[in-house]
Structure formats: C-alpha cells, structure tokens
Amino acid sequence: QVQLVESGGGLVQAGGSLRLSCATSGRTVSSYVMGWFRQAPGKEREFVAAISWTGSSRNYANSVKGRFTISRDNAKNMVYLEMNSLKPEDTAVYYCAASRTMVVATSAGRYEVWGQGTLVTVSS
C-alpha cells in the first residue's frame, strides 16, 4: 500500500511562491499517476495538476496554468508542486494523490490514495 505525506504549506503574501512536496512510502509510486488537488473552505475539492508515470505528460487546471508546475522524482519517491504568483484564491488545503490509471486524470474519483493535506494561505 502507498502512503503519501504532504509538506511545504504555509502563509505567503500574494505574488509569492511556495513549493509543496509529497513524500511517498510503501510500494513504489513510479507506476502511479500523481496528482495535486485542493479544497478551499466551504468548497468542493478541485483538481490542480497531475503528472504521468514518467513525467512526460502533465495536466493543469486552467486557474493555475502558467503559475504552477508539477514534477516528480521517482528515484526519491517524491512529487512536487511549485507554485508561483500566488493569489488569495489559491488559499486551500492541498492534497497529494496517487492513481493507478493509465491516463493523467483530473477527476478525484480516479485517485485511490490520498495524503492528509497541507494548508496554503495566501494573504492579500
């Protein structure tokens, strides 16, 4: 079984940057599609970004395209989300997730394993 632990969240001013990390343990995640989702207070969980097994294919939500970058290091069993030009509307709990699908899925239902989340707060 795969376990996921996020870190790197915190408080940042609008326009600033943060780098989230997702440490994986248990079975290797090199064959999993990895994704990041977020959930703001009072809102549903939404897709942010996802990356294929090899890292050759990536998918982003329109709201973060050009500002966020997802990457992975299979040798280190790590997944990252680099977030730049942060906006107050990016404030949310960010979750790392793993999927055994063959596609870079954007639907939360396609992901079987979830981390506990890390809070990102962007002040205006």
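Numbers here are sequence positions counted from 1.
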Please list, chain by chain and in numerical order, all residues satisfying salt bridge (charged side-chain N to carboxylate O under 4.0 Å, His left out) with R72, sequence neighbours excluded. none
Tightest non-hydrogen contact, residues R67 and S85, listed as NH1-O, 2.9 Å
Where do W53 and N74 land on the side-chain contact (heavy atoms from CB on, under 4.5 Å) test, with the steps shown first? CA-CA 9 Å; W53 303 353; N74 288 336; 5.7 Å; no
More than 12 heavy atoms of other residues, nucleotides or ligands under 6.0 Å from NZ of K65: yes or no? yes
Identify whether F47 and Y94 are in the same connected component of the hydrophobic contact network (ILVMFWY, side-chain heavy atoms under 4.5 Å). no
Given side chains that start at C-beta, do those of R100 and V113 come closer than 4.5 Å, heavy atoms only? no
So, do L86 and N84 sit near enough that their side-chain heavy atoms are less than 4.5 Å apart? no
M83 and side-chain contact (heavy atoms from CB on, under 4.5 Å): which partner among D90, L20, V12? L20
Minimum heavy-atom distance Y60-I70, with the two atoms named: OH-N, 3.0 Å
So do the side chains of R58 and S52 get within less than 4.5 Å of each other, counting heavy atoms only? no
Establish, yes or no, whether a centroid distance under 6.0 Å links the rings of F37 and W114. yes
Please tell me whether V120 and V93 are part of a single hydrophobic cluster in this structure, the criterion being side-chain heavy atoms less than 4.5 Å apart. no
Mind checking side-chain contact (heavy atoms from CB on, under 4.5 Å) for S31 and listing every partner two or more places apart, or none if nothing turns up? none
Check side-chain contact (heavy atoms from CB on, under 4.5 Å) between S25 and all other residues, then give those that pass, not counting sequence neighbours. Q3
Just jot down the side-chain contact (heavy atoms from CB on, under 4.5 Å) partners of V5, sequence neighbours excluded, or say none. Q116
Heavy-atom closest pair (S21 atom, M78 atom, distance to 0.1 Å) is CB-CE, 3.7 Å
Ring pair (Phe, Tyr, Trp, His ring centres under 6.0 Å) pairs touching residues 70-93, sequence neighbours excluded, are none
Can you name the nearest heavy-atom pair linking A92 to R38, along with the distance? CB-CB, 3.8 Å
Could you report the tightest heavy-atom contact between L11 and S123, atom names first, then the distance? CD1-CB, 4.3 Å
Check: T118 and S7 side chains under 4.5 Å, non-hydrogen atoms: no
For V33 and V103 the tightest heavy-atom approach is CG2-O, 3.4 Å
Tell me, please, which residues at least two apart from Q39 pass side-chain contact (heavy atoms from CB on, under 4.5 Å). R45, Y95
